[in-house]
2 protein chains.
Amino acid sequence: MEHLEDATLLHQQGHRLTPQRLQVLQVVTSDARHLTAEEIHAAIVPEQPYVDIATVYRVLQWLQTIGLVAPISIGDGLRRYEYRRRGDHHHHLVCQECCQEIAIPDDVFEELKSKLQNHYGFTVQIEHLAIPGRCATCSSAAASAS
Amino acid sequence: MEHLEDATLLHQQGHRLTPQRLQVLQVVTSDARHLTAEEIHAAIVPEQPYVDIATVYRVLQWLQTIGLVAPISIGDGLRRYEYRRRGDHHHHLVCQECCQEIAIPDDVFEELKSKLQNHYGFTVQIEHLAIPGRCATCSSAAASAS
DNA sequence: CTTCGTGCAAAAGCTTTGCAATGCG
DNA sequence: CGCATTGCAAAGCTTTTGCACGAAG
């Protein structure tokens with residue numbers, strides 16, 4: 001129901017709300033995974049078959065300019081989109097085996113950030129980072145298999 | 001001259017060496033930045049105008065299967081390629097301002113890795129990570145400007 | 001000489017854009 | 001009712017593929 005709060009806010013801000021926009025917002029906020037434009041479209045079609053993928057792209061662009069959605073890369077070469085709860089910086093551990101995504105808070109990186117700041121004078125600016133690897137389940141499965 | 005060592009090795013391993021393959025290898029090993037297929041092609045054309053971009057893609061695929069090159073993402077949505085010196089795991093700090101890339105060794109992440117392992121049972125597998133931010137030069141420039 | 005790689009051209013994704021019609025506010 | 005948004009279709013990009021020729025070993 002998160003998209004309804006957003007919708008109310010957007011409406012107050014004078015944005016035009018169409019069924020298509022609400023639908024995309026609904027999919028993006030409710031699906032835990034990071035979807036591609038095509039996957040978002042596929043999720044909408046059963047509900048509203050007439051929605052075109054061009055519209056999905058346009059709505060996604062609109063959501064990006066508003067800052068509600070951001071394109072991310074989890075290393076599979078596909079452009080995926082992530083819903084950005086206001087001020088919620090978080091990151092993901094992406095299991096290469098089962099494609100599960102584990103959300104982790106930003107503060108896990110504090111140590112790394114200050115290290116890079118001190119050693120290289122480099123100020124890290126990450127709103128999102130996808131770290132590939134193997135989740136606990138798949139790790140133990142591999143261990144017992146060998 | 002790094003590509004010549006690789007070439008010798010590849011030759012011994014029974015790979016066919018063509019001017020095109022050597023040229024791509026040369027560009028990828030000598031350019032410090034991470035290039036796209038198009039940029040690699042553009043770098044080759046002045047030398048050998050007849051080389052087709054389809055060949056560049058094919059050579060890049062070949063280099064990937066051999067493990068000498070890997071596709072990476074630095075967050076600009078473009079597919080870029082990185083030369084992989086054997087066993088050399090390294091990462092990059094990418095300045096969002098000047099696009100400079102600073103190479104950093106893998107061990108900077110050891111702390112983070114063990115933290116994720118302990119907290120989430122997640123085994124990090126990164127051969128390459130691009131961390132966006134601001135380099136020292138651009139940081140101080142911004143500071144003095146404000 | 002045989003086989004594999006290349007150039008060329010066409011095809012195959014994915015994303016964007018032009019335009020007339022529709023519907024939100 | 002006016003203007004932004006949509007559907008449809010076509011265009012743009014990047015990447016891949018088919019095929020006959022040419023070059024490597």
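So that the names make sense, note that chain A is the first sequence line, chain B the second, and so on, each numbered from 1. FYI, side chains are in, hydrogens and waters are out, and symmetry mates aren't considered; it's all heavy atoms of this structure.
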Taking A:Val94 as the starting point, is it possible to reach B:Ile131 by hopping between hydrophobic residues whose side chains are less than 4.5 Å apart?
no
Within one Ile-Leu-Val-Met-Phe-Trp-Tyr cluster: A:Leu68 and A:Leu60, side-chain cutoff 4.5 Å
yes
B:Thr55 has a side chain; which of C:dT6, C:dC14, D:dT15 sits nearest to it?
C:dT6
Where each residue is assigned the nucleotide of DNA chain D containing its nearest heavy atom, which of B:Thr36 and A:Val51 is assigned the position nearer the 5′ end?
A:Val51
Rounded to whole angstroms, how far apart are CD1 on B:Ile53 and P on C:dG5?
20 Å
d(CG, A:Leu22; C1', C:dC24) in whole Å
12 Å
Is it the case that C:dT3 (base atoms only) and B:Arg16 (side chain only) share a donor and an acceptor within less than 3.5 Å, ignoring hydrogens and angles?
yes
So which one's nearest nucleotide on DNA chain C is more toward 5', A:His11 or A:Arg58?
A:Arg58
Compare side-chain N and O positions of A:Arg79 against OP1 and OP2 of C:dC14 and report whether any pair is under 4.0 Å apart.
no
Grab the CD-C1' distance between B:Gln23 and C:dG5 for me, whole Å please.
16 Å
Picking from D:dA24, C:dT6, C:dC19, the nucleotide nearest the side-chain atoms of B:Gln20 would be C:dT6
Please state how far atom OH in A:Tyr57 lies from atom P in D:dA9, giving the value in whole angstrom units.
18 Å
Grab the NE2-P distance between A:His41 and C:dC14 for me, whole Å please.
13 Å
Calculate the interatomic distance between A:Gln61 atom CD and D:dT5 atom P; express it in whole Å.
12 Å
Would you mind reading off the distance between A:Leu60 atom CG and C:dT15 atom P, rounded to a whole angstrom?
10 Å
Judged by nearest nucleotide, the residue sitting upstream toward the 5' end of DNA chain C, B:Ala54 or B:Thr18, is B:Thr18
Rounded to whole angstroms, how far apart are CG on A:Leu78 and P on D:dT14?
17 Å
Can any side-chain N or O of A:Arg84 pair as donor or acceptor with the backbone N or O of A:Gly67 at less than 3.5 Å?
no
Tell me which nucleotide among D:dT6, C:dG25, D:dG7 gets nearest to the side chain of A:Leu17.
C:dG25
Check whether any side-chain N or O of A:Arg134 sits under 3.5 Å from a backbone N or O of B:Gln125 as a donor-acceptor pair, and report yes or no.
no
Starting at CD of B:Glu82, measure out to CD of B:Glu101 and round the result to the nearest 0.5 Å.
8.5 Å
